[in-house]
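Here is how names work: the chains are called A, B, and so on, in the same order as the sequence lines, proteins then strands, and each is numbered from 1.
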Protein chains: 2
Amino acid sequence: MPNMNEKTNANYKARAEIIKALAHPSRLFIIDQITNGERNVQDLTCLVGADISTVSKHLAILKNAGIVKIDKRGAQVFYSIKVPCLLKFLPCVEAVLKNNVKERKACLK
Amino acid sequence: MPNMNEKTNANYKARAEIIKALAHPSRLFIIDQITNGERNVQDLTCLVGADISTVSKHLAILKNAGIVKIDKRGAQVFYSIKVPCLLKFLPCVEAVLKNNVKERKACLK
DNA sequence: TGGTTATTTGGTATATATGCCAAATATGAA
DNA sequence: TTCATATTTGGCATATATACCAAATAACCA
């Protein structure tokens, strides 16, 4: 990109990676589930309703992005939110969503 | 997902779609470029440094997600931010990023 | 109308993401 | 050590995303 040097470009890429970690229904659901406290992989697997390996990979993506943190206790791994400021952003996403719905309804009148 | 009814599931999917629209380096760059005012497709294409058809598709993704709005004037289309609250979220992403860098450096000491 | 500029859309090749199964690893208890 | 439980990782098939080129559409002007 002509007006973006290597460093700037890398920065946008890194930011996109973090946002990408949030951009999946199951991962958003997981984030909601651990908002008020930690949960282990087993419980999250049950809540999400997918294969445990799938959930484990979703959790790895969130952890790798620096969004959640873990606490190993025995054989269990408990996941919790690491970055509360990201949570403030979710209501805004919800607001965009509602506005989209409203606008699309308006088109049909 | 057992603990998620159809409606809830659809809601997470819809939210993920909006976030996904933000999750690309070029689209984040575009958002920065139009934060302080509208820009047309031509200028954005030059700034991003990709094919104009590629940029047009990125813009369509942002528009479809309800993140940006357009103003057609003559043959030109000007894009601007529609949802300022999403911008507040970007500094938090930046903070996560810096924290990740810090932690990964610490591992090497 | 015909030409010029601005933008979008169709098509396609390539890259990335997702989900499941099976296998590997880790932890604690018998 | 051997077993049982909890979690992660490897592999693979399928789905989605991305980028470019070429062609189509839109708006304006001569």
- Item | Pairs meeting criterion ring pair (Phe, Tyr, Trp, His ring centres under 6.0 Å) with involvement of residues 80-107 of chain B, two or more places apart | A/Phe89-B/Phe89
- Query: Could you give all pairs that pass the ring pair (Phe, Tyr, Trp, His ring centres under 6.0 Å) test and reach residues 67-86 of chain A, with sequence neighbours left out?
  - Reply: none
- Message: The criterion is salt bridge (Lys or Arg N to Asp or Glu O under 4.0 Å); which residues satisfy it with A/Asp51, sequence neighbours excluded?
- Response: none
- Task: Identify, with sequence neighbours excluded, every residue that meets salt bridge (Lys or Arg N to Asp or Glu O under 4.0 Å) alongside A/Asp43.
- Result: none
- Note on the structure: Value for CG (B/Asn9) from OG (A/Ser26), rounded to nearest 0.5 Å, stands at 8.0 Å
- Item | A/Val83 and B/Cys92: CA distance, side-chain angles, deciding distance, side-chain contact (heavy atoms from CB on, under 4.5 Å) verdict | CA-CA 8 Å; A/Val83 195; B/Cys92 179; 4.0 Å; yes
- Item | For A/Leu87, side chain to side chain contact (heavy atoms under 4.5 Å, CB included) partners two or more places apart | A/Ile31, A/Thr35, A/Ile81, A/Leu90
- Mind running a 4.0 Å heavy-atom check of residues 59-72 of chain A against DNA chain D and sending the residues that fall below it, in number order? none
- Kindly write out the residues that satisfy side chain to side chain contact (heavy atoms under 4.5 Å, CB included) with A/Asn100, not counting sequence neighbours, or none if the list is empty. A/Val96, A/Arg104, B/Ile18
- Going 5' to 3' on DNA chain D, which nucleotide is the first and which the last to come under 4.0 Å of a heavy atom in chain A? D/dA6 to D/dG11
- Sequence neighbours excluded, every pair satisfying side chain to side chain donor-acceptor pair (under 3.5 Å) that has a member inside residues 55-70 of chain A: A/Arg27-A/His58
- Which distance, rounded to the nearest 0.5 Å, do you find between the CD of A/Gln76 and the CG of A/Asp71? 11.0 Å
- With sequence neighbours left out, the residues meeting salt bridge (Lys or Arg N to Asp or Glu O under 4.0 Å) with A/Lys72 are none
Return the polar atom pairs (N/O with N/O) between nucleotides 12-17 of chain C and the protein under 3.5 Å, or none.
none

- Message: Between C1' on C/dG10 and CG on B/Asp51, what's the gap in Å once rounded to a whole number?
- Response: 14 Å
- How is B/Phe78 classified with respect to the nucleic acid when contacts are heavy atoms under 4.0 Å: base, sugar-phosphate, or nothing? nothing
- Query: If pairs are Watson-Crick or G-U with both distances under 3.5 Å, what is the dot-bracket string of DNA chain C, marking crossing pairs with [ ] and pairs to another strand with |?
  - Reply: ||||||||||||||||||||||||||||||
- Message: Run B/Val77 and B/Leu59 through side-chain contact (heavy atoms from CB on, under 4.5 Å) and show every step you take.
- Response: CA-CA 11 Å; B/Val77 181; B/Leu59 290 167; over 6 Å; no
